[in-house]
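Note: hydrogens, waters and symmetry copies are ignored here, and every other heavy atom, side chains too, is used. Numbered from 1 within each chain, the chains take letters A, B, ... in sequence-line order.
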Amino acid sequence: MTTIKLHNTRTRKKEVFTPIDPDNVRMYVCGPTVYDRAHIGNARPVVVFDTLFRLLRHVYGPDHVTYVRNFTDVDDKINARAAASGRSIGQITEETTRWYLEDMAAIGALEPTQMPRATQYIPQMVAMIEDLIAKGHAYAAEGHVLFSVESYKDYGALSGRAVDDMIAGARVEVAPYKRNPMDFVLWKPSDAATPGWDSPWGRGRPGWHIECSAMSYELLGASFDIHGGGNDLMFPHHENEIAQSCCAHPEGHFANVWLHNEMLQVEGKKMSKSLGNFFTVRDLLDGHDGMPGVPGEVIRFVFLSTHYRKPMDWTAEKAAEAEATLRKWRGMVEGIEATEVAEGVLAALADDLNTAGAISELHRLAGEGDFGAFKASALLLGLLGANLGDWAKAVDVDLSGFVAQLTKARDVAMASKDFTHVDRLKAGLLEAGIEVRMSKAGVELLAGPEFDAVKLEALQ
RNA sequence: GGCGAGUUGGCGGAGUGGUGACGCAGCGGAUUGCAAAUCCGCGUAUAUCGGUUCGAUUCCGAUACUCGCCUCCA
């Protein structure tokens with residue numbers, strides 16, 4: 001069996017991955033808060049963990065991997081969006097959830113095994129909070145329930161912080177009802193206009209973090225294999241998840257392996273609305289700000305070409321290069337049956353998800369002409385599948401008339417040595433986005449990506 | 001201020017304690033009426049300074065720079 005190695009944030013080392021139960025490898029990844037379209041940065045962890053999911057399924061069997069990714073559909077950002085737009089919270093979360101699944105499918109992400117919604121787990125969250133209070137790890141104050149960071153000695157271990165250091169320079173919300181400024185909210189009161197659920201502490205709603213602890217416990221148990229997300233979530237989100245889960249379920253040890261992907265930048269800068277380099281996955285797919293659309297498969301390829309633990313720079317140049325590569329590859333595997341995944345590709349992926357290395361292997365396989373293994377390997381990465389291929393389909397246009405015309409003109413020119421007419425014809429075809437191949441064997445015309453039917457029409 | 005990540009040829013981007021992949025671009029050649037496509041060939045790159053070592057790009061320590069998190073945005 002393939003040995004998978006993963007870089008564990010918890011130990012800061014690359015370790016051999018050994019599942020708790022090889023018959024049911026369990027992974028939890030923090031999903032989106034559904035209040036708006038996913039931007040391109042949100043898509044990076046989706047592709048990263050989708051690739052890991054595919055690798056795990058390949059190694060342990062498709063039926064032996066459970067991948068849970070949640071939807072956080074209760075959050076003050078959603079409430080704010082609802083208030084601002086006049087639409088209901090339900091409408092917003094339903095629509096945004098659908099968008100998310102559509103957009104992620106467009107970049108070739110498989111759906112996780114389970115996609116729980118936070119609002120479906122409120123009673124479990126309340127029960128967990130009650131349990132934390134009973135065990136002395138949390139306390140109720142003024143309608144809030146807070147987690148006491150001092151009650152958990154390992155608080156801060158994942159991100160390498162000490163509670164005292166954090167208080168010193170950090171901007172923490174100071175509230176009179178907090179025993180320690182770092183204590184965080186498990187439950188908070190809701191007014192009449194805000195969504196709320198009845199609880200032992202009055203009508204209220206959960207704080208951020210508790211939903212992931214409750215849902216991962218319900219679906220994966222007190223101990224599971226992998227927990228993932230962007231490295232921005234390391235603190236406080238994951239730190240708080242660990243504190244809640246380990247205190248509520250001291251019999252377990254929560255996640256064995258923590259994986260964090262680095263952030264994404266755009267043209268060398270942090271993506272932000274103020275810099276004008278902010279765009280959603282949908283913007284990219286459909287085209288935006290005068291730019292043409294980028295196929296989902298191309299987005300995926302660009303993501304995979306940088307190792308997940310390095311910052312990734314999204315640039316238009318990379319997208320163009322990726323598109324050319326994929327177009328070439330798709331031409332190579334047309335009609336080819338996938339055989340076995342190449343050892344080199346699998347080895348690269350198994351080595352802490354070295355997707356860039358795996359792509360290099362694909363280049364090598366393509367050069368060697370082992371197309372069956374090449375295709376099988378590409379499919380493992382979620383590339384070259386039928387699901388993402390429409391963009392690369394050759395335009396279906398009958399060029400036989402032009403072929404005949406050009407062939408005839410060429411024959412005449414070969415005899416007369418006057419190529420003026422041939423060159424004019426060729427230039428017109430090139431202008432219309434037609435690739436012109438002339439050789440001793442004859443004339444071949446192909447509609448390329450820049451094909452323009454109107455310009456072709458004008459040549460008639 | 002605290003925590004963390006990174007720095008490889010023109011660009012992108014891997015690996016490795018012992019003469020530095022791969023892709024793109026570029027250059028030369030074959031081919032072509034000319035091209036395109038294809039094929040062949042071509043690159044005195046591992047931030048800086050120390051240390052360990054027979055030997056470091058790879059390990060260790062500093063320095064510089066870049067970036068992220070700590071704050072609503074991933």
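- Of the P atoms belonging to B/A36 and B/G28, the separation is 12 Å, rounded to the nearest Å.
- Nucleotides B/C24 and B/G9 are separated by 13 Å at their C1' atoms, to the nearest Å.
- The only option from A/Asn231, A/Leu353, A/Leu52 that meets the side-chain contact (heavy atoms from CB on, under 4.5 Å) definition with A/Leu259 turns out to be A/Leu52.
- Listed by chain and residue number, A/Ala338, A/Val341 satisfy the side-chain contact (heavy atoms from CB on, under 4.5 Å) test with A/Ala376 (two or more places apart in sequence, or in another chain).
- Both distances falling under 3.5 Å, in either a Watson-Crick or a G-U wobble arrangement, occur for no nucleotide opposite B/G9.
- Taking atom C1' in both B/C67 and B/A45, the straight-line distance is 22 Å, to the nearest Å.
- B/U58 and B/G6 have their P atoms separated by 14 Å, with the value rounded to a whole Å.
- Shown are A/His238, A/Arg309, A/His7; of these, the side-chain hydrogen bond (donor to acceptor under 3.5 Å, both in side chains) with A/His260 is made only by A/His238.
- A/His237 and A/Trp208 have parallel rings, their planes meeting at less than 30° on a 0 to 90° scale where 60° marks the start of perpendicular.
- The side chain of A/Asn354 places an N or O atom within less than 4.0 Å of a non-bridging phosphate oxygen (OP1 or OP2) of B/G15.
- When only modelled atom types and interatomic distance are considered, A/Ser416 and A/Asp418 share no side-chain donor-acceptor pair under 3.5 Å.
- Note: CD (A/Glu361) to P (B/G23) measures 12 Å, nearest angstrom.
- Positionally, the nearest nucleotide of RNA chain B for A/Gly160 lies more toward the 5' end than for the other of A/Phe278 and A/Gly160.
- Of all nucleotides listed (B/C73, B/A14, B/A5), B/A5 comes nearest to the side chain of A/Pro311.
- In this model, no donor atom of one side chain and acceptor atom of the other lie less than 3.5 Å apart for A/Glu321 and A/Thr325.
- For the P atom pair drawn from B/G15 and B/C22, the interatomic distance equals 15 Å after rounding to whole Å.
- A/Leu233 comes within 4.0 angstrom of nothing in the nucleic acid, heavy atoms only.
- For the 3.5 Å distance criterion, the side chains of A/Asn79 and A/Asp76 qualify, holding a donor opposite an acceptor.
- Look at B/C42: its Watson-Crick or wobble partner, with both distances under 3.5 angstrom, is B/G26.
- The partner of B/U57 cannot be assigned: no Watson-Crick or G-U wobble pair with both contacts below 3.5 Å exists in any strand.
- Taking atom CZ on A/Arg309 and atom P on B/U7, their separation rounds to 11 Å, with Å as the unit.
- A/His209 pairs with exactly one of A/Phe184, A/Phe147, A/Trp187 by the ring-ring contact (aromatic ring centres under 6.0 Å, His included) rule, that one being A/Phe184.
- A/Trp258 has its CH2 atom 16 Å from the C1' atom of B/G4, to the nearest Å.
- The residue A/Tyr35 sits close only to the backbone: its heavy atoms come under 4.0 Å of sugar-phosphate atoms, none of a base.
- The partner of B/U63 is B/A47, by the rule that a Watson-Crick or G-U pair needs both atom distances under 3.5 Å.
- Note: CG (A/Leu381) to C1' (B/C22) measures 15 Å, nearest angstrom.
- Taking the centre of each ring, A/Tyr100 and A/Phe71 come in below the 6.0 Å mark.
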How does protein contact run along nucleotides 32-40 of chain B, one letter per nucleotide 5' to 3', with B for base contact, S for sugar-phosphate only, - for none, heavy atoms under 4.0 Å?
SBBBBS---
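- Side chains of A/Tyr177 and A/His144: a donor on one and an acceptor on the other come within 3.5 Å.
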Give me, pair by pair, the N or O atoms of the protein and of nucleotides 10-12 of chain B that are less than 3.5 Å apart, along with how far apart they are.
from	atom 1	to	atom 2	distance (Å)
B/G12	O3'	A/Lys318	NZ	3.4

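- Checking A/Ser400 against A/Asp398 by side-chain atom types alone, a donor-acceptor pair falls below 3.5 Å.
- Rounding to whole angstrom units, CE of residue A/Met312 and P of B/A14 are separated by 11 Å.
- Across all strands shown, B/A21 forms no Watson-Crick or G-U wobble pair with both distances under 3.5 Å.
- Following rounding to the nearest Å, A/Ile359 (CD1) and B/G23 (P) show an atom-to-atom distance of 13 Å.
- Within the shown strands, nothing qualifies as a pairing partner of B/C34 under the Watson-Crick or G-U definition with both distances less than 3.5 Å.
- B/A62 and B/U7: their C1' atoms are spaced 16 Å apart (whole Å).
- Within the structure, a side-chain polar atom (N or O) of A/Lys77 is placed less than 4.0 Å from OP1 or OP2 of B/C73.
- Remark: the A/Thr72 side chain and the A/Glu211 side chain contain an N/O donor-acceptor pair separated by less than 3.5 Å.
- Residues A/Gly230 and A/Gly357 each lie close to RNA chain B; by heavy-atom proximity, the contact nearer the 5' end of the strand is made by A/Gly357.
- B/C3 is paired with B/G68 under the Watson-Crick or G-U wobble criterion, all donor-acceptor distances under 3.5 Å.
- In this structure, the CE atom of A/Met234 is 13 Å from the P atom of B/C69, given to the nearest Å.
- On the C1' atoms, B/G41 is 25 Å away from B/U46, given to the nearest whole Å.
- Between the NE2 atom of A/His307 and the P atom of B/A5 there is a distance of 13 Å, rounded to whole Å.
- Taking the P atom of each, B/C60 and B/U52 are spaced 16 Å apart, rounded to whole Å.
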